[in-house]
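The chain is numbered in sequence order, starting from 1. Start at 1 and go down the list; that is how both ligands and their atoms are numbered.
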Amino acid sequence: MKKIVFVCLGNICRSPMAEFVMKNLTDQVIVESRATSAWEHGNPIHRGTQQIFKQYQIPYDSHKTSQKMNLETAEECDYIIGMDSQNVADLKKMLPSRLHTKIYPFAEESVPDPWYTGDFEETYRMVTEGCLAWKNRLV
Ligand code: 4NP
């Protein structure tokens, strides 16, 4: 089975949203999420993202906490997917060049960071659309 990891800056808003939306769409892919930074390390999923999961009845792990992307996870995954163009650029800086062929943007358009915009609905719309496209690509 293919293994993918969604990556954003904090791993509390966008990438966990993509992780659990994707898990809800398919069980034919192993899905994880990580951060490019350690800023939120150990912190739970943002309440705005948890609110979206509840509103749209998406099962999720309320005990999941932020973890920074590392080499081991990068080696294990087939696709390393940055939620915005800065995440993709940061992943290329963090990871050895032999792994760069696994790094992809989540969608053509970067997913805006609701940490700054406050608009978790906009994030959810873009995450859902992007996850459907990834599902069609992988399953
Ligand atoms: P995320 O959002 O990358 O979608 O998880 C953020 C979460 C935290 C911070 C920035 C973005 N922060 O600055 O701590």
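- Of all non-hydrogen atoms in L95 and I103, the two that sit nearest each other are CD1-CD1, 4.2 Å.
- Looking only at side-chain heavy atoms (C-beta outward), V127 and F6 stay at 4.5 Å or farther from each other.
- Listed as neighbours of ligand 1 are C8, L9, G10, N11, I12, C13, R14, W39, E40, D113, W115, Y116, each bearing a heavy atom under 4.0 Å from the ligand.
- A donor and an acceptor atom, one from each side chain of S33 and E19, are located under 3.5 Å apart.
- Ring geometry, F53 versus Y60: the interplanar angle falls from 30° to 60°, so the pair is classed tilted.
- Counting only heavy atoms from C-beta outward, the side chains of L9 and R14 approach each other to under 4.5 Å.
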Set out, in order, the CA-CA distance, both residues' side-chain angles and the distance that settles side chain to side chain donor-acceptor pair (under 3.5 Å) for D90 and N87, then state yes or no. CA-CA 5 Å; D90 290 342; N87 304 148; 5.0 Å; no
